S.K.: 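The structure's right below; bear with me while I get my questions together.
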Amino acid sequence: MNDSRNDLTRAVLNVLFIGALIGASFWVLRPFLGAFIWAIMIVVATWPMLMALERRVGHRRWLATGIMSIVLLLVLVVPLSAAVGTLVSHSDQIAGWVRDLQGMQLPPPPSWVAHLPFVGERAASAWEDLARGGMQAMIALVTPYAGVVTKWVVAQAGGLGALFLQFVLTVVAAAVLYARGEQAADWALRFGARLGGAAGENAIRLSGQAIRGVAMGVVVTAIVQTVIGALGLAIARVPFASLLTPVMFLAAVAQIGAGIVLIGPVAWLYWSGSPGWGTFLLVVLLVVSTLDNVLRPILIRKGADLPLILIFVGVIGGLVAFGLIGIFVGPVVLAVAHTLMNAWMDKRADA
């Protein structure tokens with residue numbers, strides 16, 4: 001009896017100690033987890049590119065790692081720097097727009113506003129009050145929200161430094177994984193095998209396939225859409241094109257669609273008296289929007305042999321649950337759960 005109690009106490013203390021050690025480790029690594037997770041996703045998705053580059057440079061891993069790290073740093077930093085530079089270089093123009101707003105006079109509401117269902121009368125009345133009061137009435141309407149907007153802008157501006165730091169940490173972690181990728185993959189496979197045997201090792205392999213499939217289907221499609229949209233903006237000479245380009249990429253990755261960002265420039269071109277360029281950019285918008293339904297399914301199926309609906313639901317659900325990193329975490333979680341469930345059911349059926 002005493003031996004049983006001692007064994008139970010020892011087992012409980014072992015579990016508590018291991019749990020506390022794991023929790024403390026995560027607590028220490030918490031500032032680096034985001035960058036490390038991004039680095040894992042990037043390295044897994046671009047590992048074939050590293051292997052091809054290594055063969056081209058004479059099987060020198062250190063040189064291939066350096067080139068990939070520099071390219072990754074440029075891909076992460078250059079778009080954000082271009083967007084910030086565009087805002088800074090057009091600061092005088094933006095300030096001029098703000099000054100012009102002071103003399104702007106709101107026209108009377110169109111007759112159809114009052115006939116809108118439910119809100120027509122109130123909307124027409126509010127519009128007439130703003131038209132009579134001029135810019136002072138608009139300022140009075142916006143003032144209660146100015147403080148909130150100002151705080152948000154300051155917070156986002158302050159977060160740029162932290163974002164650049166996360167980018168640098170991601171590149172450093174990716175460089176380490178590029179240099180020691182085989183050892184890291186072997187450790188992950190041994191961990192999966194120790195945890196769940198052949199099923200655990202298969203789950204680790206499937207995780208890599210899911211990451212590569214999402215990277216090819218979502219990210220590559222977003223890059224192609226962004227490149228086409230950016231070329232269209234540049235050819236049509238739309239202002240702030242360098243600021244709209246990263247917004248298109250983020251909208252495409254977030255599954256909102258890069259085409260929605262082009263709606264504003266198309267409307268602006270028609271409104272500013274350039275219907276020819278507006279039609280050209282409208283065609284670009286249609287091409288960009290069509291790629292979602294044509295290119296993405298082909299690339300996802302090429303990267304991972306998984307149900308398309310599983311990956312799509314994982315991308316959307318992961319984005320909502322975990323933020324931008326969730327576009328990779330969501331499909332991986334669902335893919336592993338799907339495979340383990342199928343293996344369990346097949347084993348039960350054989351038994």
Side-chain angles (χ1 to χ4, degrees), residues 38 41-42 44-49 52 71-72 74-76 78-80 82-83 209-270 274 276-320 323-332 334-335:
W38 269 115
M41 305 302 175
I42 292 172
V44 170
T46 58
W47 189 257
M49 298 171 59
V71 171
L72 180 60
L74 293 176
V75 169
L76 291 176
V78 169
L80 183 60
Q209 294 176 4
I211 292 172
R212 190 168 291 121
V214 173
M216 292 184 64
V218 176
V219 179
V220 173
T221 302
I223 292 174
V224 173
Q225 289 178 307
T226 302
V227 170
I228 295 176
L231 289 175
L233 292 173
I235 295 174
R237 299 182 181 274
V238 175
F240 299 100
S242 58
L243 183 61
L244 293 172
T245 298
V247 176
M248 275 193 296
F249 178 74
L250 292 177
V253 170
Q255 304 302 295
I256 299 173
I260 195 172
V261 182
L262 296 174
I263 294 176
V266 170
W268 178 80
L269 287 171
Y270 279 111
S274 302
W277 287 119
T279 303
F280 164 76
L281 198 59
L282 180 61
V283 174
V284 173
L285 186 155
L286 295 176
V287 172
V288 168
S289 301
T290 304
L291 287 175
D292 270 336
N293 302 319
V294 177
L295 182 61
R296 182 173 58 191
I298 297 174
L299 292 176
I300 287 179
R301 294 294 297 176
K302 184 178 179 181
D305 188 16
L306 295 169
L308 182 60
I309 187 64
L310 187 74
I311 295 181
F312 182 75
V313 171
V315 169
I316 301 298
L319 181 67
V320 174
L324 195 57
I325 193 67
I327 66 173
F328 294 101
V329 175
V332 168
L334 291 185

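The shown structure was predicted, so the numbers you read here are calculated from the model rather than taken from an experiment. Residue numbers start at 1 and run along the sequence shown.
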S.K.: Taking the side chain as C-beta and beyond, is there a heavy-atom pair between Ile235 and Leu281 under 4.5 Å?
M.R.: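 Answer no - side chains too far apart.
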S.K.: Taking side chain to side chain donor-acceptor pair (under 3.5 Å) as the test, write out the residues that go with Thr46, two or more places apart.
M.R.: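 Applying side chain to side chain donor-acceptor pair (under 3.5 Å) to Thr46 gives Tyr178.
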S.K.: If I take atom OG from residue Ser289 and atom CD1 from residue Ile260, how far apart are they, to the nearest 0.5 angstrom?
M.R.: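 Here the rounded value is 9.5 Å.
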S.K.: Hey, what do you get for CD1 (Ile42) to CG (Leu72), rounding to the nearest 0.5 Å?
M.R.: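 Result: 5.0 Å between the selected atoms.
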S.K.: Test: side-chain hydrogen bond (donor to acceptor under 3.5 Å, both in side chains). Region: residues 226-235. Which pairs qualify, not counting sequence neighbours?
M.R.: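 Listed by first then second residue: nothing to list.
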S.K.: Where is the tightest heavy-atom contact between Phe280 and Gly232, given as atom of each residue plus distance?
M.R.: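 In this case the closest contact between Phe280 and Gly232 is CE2-O, 3.7 Å.
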S.K.: With a 4.5 Å limit on heavy-atom distance, are the side chains of Tyr270 and Thr279 in contact?
M.R.: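 Side chain of Tyr270 against side chain of Thr279, heavy atoms only: contact under 4.5 Å found.
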S.K.: Any idea which heavy atoms bring Leu269 and Ala236 closest together, and the distance?
M.R.: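 Minimum heavy-atom contact is CD1-CB, 4.1 Å.
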S.K.: Can you give me the closest heavy-atom contact between Val284 and Ile228, atom names plus distance?
M.R.: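 Distance-wise, the nearest heavy atoms are CG1-O, 3.8 Å.
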S.K.: Report the distance from atom CD1 of Ile263 to atom CG of Leu282, rounding to the nearest 0.5 Å.
M.R.: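 Reported value, rounded in 0.5 Å steps: 9.5 Å.
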S.K.: Looking only at non-hydrogen atoms, find the nearest pair between Leu244 and Pro265 and report the distance.
M.R.: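 In this case the closest contact between Leu244 and Pro265 is CD1-CG, 3.8 Å.
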S.K.: Please list, chain by chain and in numerical order, all residues satisfying side-chain contact (heavy atoms from CB on, under 4.5 Å) with Ala258, sequence neighbours excluded.
M.R.: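 Partners of Ala258 under the side-chain contact (heavy atoms from CB on, under 4.5 Å) test: Gln225, Met248, Ala252, Val288.
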